[in-house]
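A short write-up of the structure that comes next.
Here is how names work: the chains are called A, B, and so on, in the same order as the sequence lines, proteins then strands, and each is numbered from 1.
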Amino acid sequence: MASVSSQPQFRYTQPPSKVLHLRNLPWECTEEELIELGKPFGKVVNTKCNVGANRNQAFIEFADLNQAIAMISYYASSSEPAQVRGKTVYLQYSNRQEIVNNKTTADVAGNVLLVTIEGQDARLVSIDVLHLVFSAFGFVHKITTFEKTAGFQALVQFSDAETATSAKNALDGRIIPRYLLSENIAPCTLRITYSAHTDLSVKFQSHRSRDYTNPYLPVAPSAIDGSGQFSLGLDGKKLEPESNVLLASIENMQYAVTLDVLHMVFSAFGPVQKIAMFDKNGGVQALIQYPDVQTAVVAKEALEGHCIYDGGFCKLHISYSRHTDLSIKVNNDRSRDYTIPNPAMVNPQPSILGQQPVQTVGATAAHQYNGTQYAPPHPQPSAGWASGVPAVPQSAAGQMTSHPYMPPASMPQMTPAGMMQMPAHSGVPPAGAVPPYRPNPM
DNA sequence: AGCACA
């Protein structure tokens, strides 16, 4: 056995332990780096990093005392000090015999996330908004929400721990994008840990819980309205029946609002399948069809009462239509079916109304909507929407293509979250989903 | 650069 006596300092000499105490580590040293460091001397059975006020200390626990002794002995006589990322690390025996409570369940990666929504209005965040936010990272199986001492919380179930981890890394500590919430709602911060759950039990589709893998799950009686449609309001309060088709009327239409303008405005929230414009009561109205209700809900909440142009021009009033699938007979300047792959070409096949050609929509959508989704859609104050709106609104359609819908430079390109709303019966996670948040903005 | 916390 090698002697430790070459160490000049004896003041803090510890009796041997299979746990080693490390100091002077680089900030936020990882567990992997600690394992790398200890591996040559034996089996590292546990570690703990980011210890101490400066989070620059750590512990390594070996399977066997002799392995810890081997490591201490080696570096006691080595000319090269132990290093992590080029920084000298100081080693000594710990004064404890094992690492205790290194990991809590919150640290063990799993497929279910425990999400705490912080903020004044946290409990006004709907399950649909949460679904939208988390769907950007993969297929969300189930969501449950509940009220605890910690506040308003949700469990979000993904297929696997990897997907959950990517969502956690991207979203933990961030706020829910403002434009997904009503504008009078205070900012809501997401705090995310892993849950010990692996499969949530959802008995009803309700305003508190959803199972997106099972469209046949009974809807909670409190969540059904007279028409048999979902009417899942916040805290169960009744709303007008939601629909995937929105009815927009345009007030104070000082400037021409074209089909293209509407398409761009509403595409910010997901793929627009069809638009039909018509005159009513001396004004212009339009029906806008999304593939799913959730996207329509988000669009409605974000756009209701907003103006397409600064100065109170072309104010939008939005309600849910009773339609679920518009019948577009002809593509012209007042109506369009965007689900037809190439509208420029005359399609000899009649459009497949009543069905939802998901792949086709997805493909076109990826092309058309990429980048626009997370441009903040709030007209007045926010960057990216009406701030760049034409001073010469007559050519609005053309101008809007080049200006106001460009996402801010800081926003990574992404696939619209709306597209990732999987049909509930599909159960297949979207491939190549690009999260809307960078894991590490640096 | 000197011993953690669910």
Which whole-number value in Å describes the distance from [X] [atom1] to [N] [atom2]?
X: A/Tyr93; N: B/dA1; atom1: OH; atom2: P; value: 23 Å
X: A/Gln92; N: B/dG2; atom1: CD; atom2: C1'; value: 6 Å
X: A/Gln97; N: B/dC3; atom1: CD; atom2: C1'; value: 13 Å
X: A/Arg96; N: B/dG2; atom1: CZ; atom2: C1'; value: 14 Å
X: A/Leu25; N: B/dG2; atom1: CG; atom2: C1'; value: 13 Å
X: A/Asn95; N: B/dA4; atom1: CG; atom2: P; value: 8 Å
X: A/Gln83; N: B/dA1; atom1: CD; atom2: P; value: 14 Å
X: A/His21; N: B/dC5; atom1: NE2; atom2: P; value: 12 Å

Problem - Of A/Asn24 and A/Glu98, the one whose closest DNA chain B nucleotide lies more 5' - result: A/Asn24
Handout entry: Whichever of A/Gly52 and A/Asn56 has its nearest DNA chain B nucleotide further upstream toward 5'
Key =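 Residue closer to the 5' terminus by nearest nucleotide: A/Asn56.
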Handout entry: Qualifying residues under side chain to side chain donor-acceptor pair (under 3.5 Å), relative to A/Gln97, sequence neighbours excluded
Key = none
Practice task
Measure from the ring center of A/Phe158 to the ring center of A/His141 and say whether it is less than 6.0 Å.
Solution key: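 No, they do not, as the ring centres are separated by 6.0 Å or more.
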Exercise for the section: Mark this stacking check for A/Tyr90 against B/dG2 as yes or no, applying ring centres under 5.5 Å and ring planes under 30°. Expected result: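 The ring of A/Tyr90 is not stacked on B/dG2.
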Practice task
Name the orientation class of the two ring planes belonging to A/Tyr338 and A/His263 (parallel below 30°, tilted from 30 to 60°, perpendicular beyond 60°).
Solution key: parallel
Handout entry: A/Lys48, nearest nucleotide to its side chain (from B/dC5, B/dA1, B/dC3)
Key = B/dC5
Completion exercise
Sequence neighbours excluded, the answer for side chain to side chain contact (heavy atoms under 4.5 Å, CB included) partners of A/Asp64 is A/Asn66, A/Gln67
